[in-house]
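One structure is given below, encoded as structure tokens.
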Amino acid sequence: FTPKVLAGKRVLITAGPTYEAIDPVRGITNRSSGKMGFAIAQAAQQAGAEVTLISGPVALETPRGVLRIDVQSARQMLEAVQQQAGAADVFIATAAVADWRPASMADAKIKKAEGEATPGLQFVENPDILATIAHSPRAESGQLYCVGFAAESENLVEYATAKRRRKGVPLLVGNIGPNTFGQDDNVLTLFDDSGHVELPRASKQVLARQLLLEIAARLPRRQ
Ligand code: C5P
């Protein structure tokens, strides 16, 4: 991938699932292999960008030349993103963030006792990392270009168009899940102000490069 379309740019990416602890040995998580986000991180590095990849728990190797920060929960992911976003030119949110977390984490393993009721779980809402960053002053003034992902099982165009507006991002990348989860290839549909365009089925590596070309073409030109 020779065109250095992102030379001099700093790209911040979230990838993988988040893990929300119930007690020290149990938790809830989302299905996400992290493959798409890691492929984007690698392609961005190859396109000349300085890349920071903030990842939930995944079984993937860090792409060469990429700075990786490992986190577990949505709140940790948001904190890491906020620490890095001030220096970034592009933010790409591919992580499958858990929408809710247990309201409290038990300090010790919850014991299973004969004849006792099953534990009840209370949930609270997690922060929306993408929407938080997309509504920050740097993003709203055009210094930080934000890209979101949406996995939908149906009505992709309708749901993704609405999600793009709700999240406040100029570009939203839709795909039909959950059949793409963990797979090596995918079909992506790009939604922006002028409508939507499909990147046909290809490997996640090839799609990552195509997506970065599309992003690079949308970045404000430096005078
Ligand atoms: O609302 P939904 O989870 O479908 O939105 C998907 C997009 O929003 C993805 O880009 C995902 O990384 C991001 N997101 C986030 N924080 C959340 C939920 C979603 O950054 N709490």
Side-chain angles (χ1 to χ4, degrees), residues 11-21 27-41 44 51-58 60 68-85 88 90-103 123-136 138-140 144-181 186 188-192 196 199 204 207-208 211-212 214-215 218:
V11 178
L12 178 62
I13 301 166
T14 63
T18 65
Y19 177 86
E20 314 294 334
I28 62 160
T29 189
N30 278 7
R31 276 183 67 192
S32 168
S33 67
K35 283 179 184 173
M36 194 67 236
F38 274 58
I40 292 170
V51 182
T52 303
L53 175 61
I54 298 175
S55 180
V58 296
L60 295 172
R68 170 171 170 184
I69 300 171
D70 283 319
V71 296
Q72 301 266 319
S73 69
R75 285 188 297 175
Q76 288 168 353
M77 186 174 274
L78 174 62
E79 200 182 316
V81 167
Q82 283 176 322
Q83 273 168 18
Q84 303 292 325
V90 180
F91 174 51
I92 308 174
T94 73
V97 181
D99 289 313
W100 311 281
R101 65 177 183 275
F123 289 98
V124 293
E125 209 170 307
N126 265 331
D128 190 315
I129 299 166
L130 176 60
T132 303
I133 299 300
H135 290 102
S136 69
R138 288 194 77 241
E140 289 191 332
L144 175 62
Y145 190 82
C146 294
V147 182
F149 268 71
E152 305 292 348
S153 58
E154 56 188 5
N155 299 337
L156 181 64
V157 173
E158 185 192 333
Y159 291 160
T161 303
K163 190 166 286 181
R164 190 178 80 85
R165 293 223 182 84
R166 210 166 55 238
K167 301 268 177 178
V169 293
L171 183 63
L172 188 108
V173 183
N175 64 123
I176 293 282
N179 51 325
T180 62
F181 295 173
N186 205 351
L188 299 181
T189 308
L190 274 46
F191 296 82
D192 69 7
H196 63 274
L199 303 179
K204 289 183 176 175
L207 289 170
L211 173 61
L212 290 169
E214 298 279 348
I215 291 172
R218 289 168 167 82

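Note that ligands are numbered from 1 as they come in the structure, with each ligand's atoms numbered from 1 the same way. Any value given below was found using the heavy atoms of this structure, including those in side chains, with hydrogens, waters and symmetry copies removed.
More than 12 heavy atoms of other residues, nucleotides or ligands shown are found within 6.0 angstrom of CZ on R68. Residue Q84 places its CD atom among more than 12 non-hydrogen atoms of other residues, nucleotides or ligands, all under 6.0 Å distant.
Looking at F91, W100, F149, it is F149 that brings a heavy atom closest to atom 7 (C) of ligand 1. The heavy atom nearest to atom 11 (C) of ligand 1, out of those in A98, A74, A150, A95, is found in A95.
The protein non-hydrogen atom at the shortest distance from atom 10 (O) of ligand 1 is A93 O, 2.6 Å. Looking only at heavy atoms of the protein, atom 13 (C) of ligand 1 is closest to L130 CB, 3.8 Å. I129 N, 3.0 Å is the protein heavy atom nearest to atom 16 (N) of ligand 1. If you check which protein heavy atom lies closest to atom 21 (N) of ligand 1, you get P127 O, 2.8 Å.
Close approach of ligand 1 to G148 (heavy-atom distance below 4.0 Å) involves ligand atoms 10 (O). Below 4.0 Å from some heavy atom of V97 lie the following atoms of ligand 1, by number and element: 15 (C), 16 (N), 17 (C), 18 (C), 21 (N). Below 4.0 Å from some heavy atom of K163 lie the following atoms of ligand 1, by number and element: 1 (O), 2 (P), 4 (O), 5 (O).
By the 4.0 Å heavy-atom criterion, A96 is excluded from the residues contacting ligand 1.
Counting heavy atoms closer than 4.0 Å to ligand 1, residue N126 contributes nothing at all.
At under 3.5 Å, a nitrogen or oxygen of K167, whether backbone or side chain, sits near a nitrogen or oxygen of ligand 1. Remark: ligand 1 and V147 share no N or O pair separated by less than 3.5 Å (distance only, no angle test).
Here the side chain of N175 pairs a donor or acceptor atom with the backbone of A150 at under 3.5 angstrom.
With respect to E214 and R218, a salt bridge is recorded, a charged nitrogen being found less than 4.0 Å from a carboxylate O.
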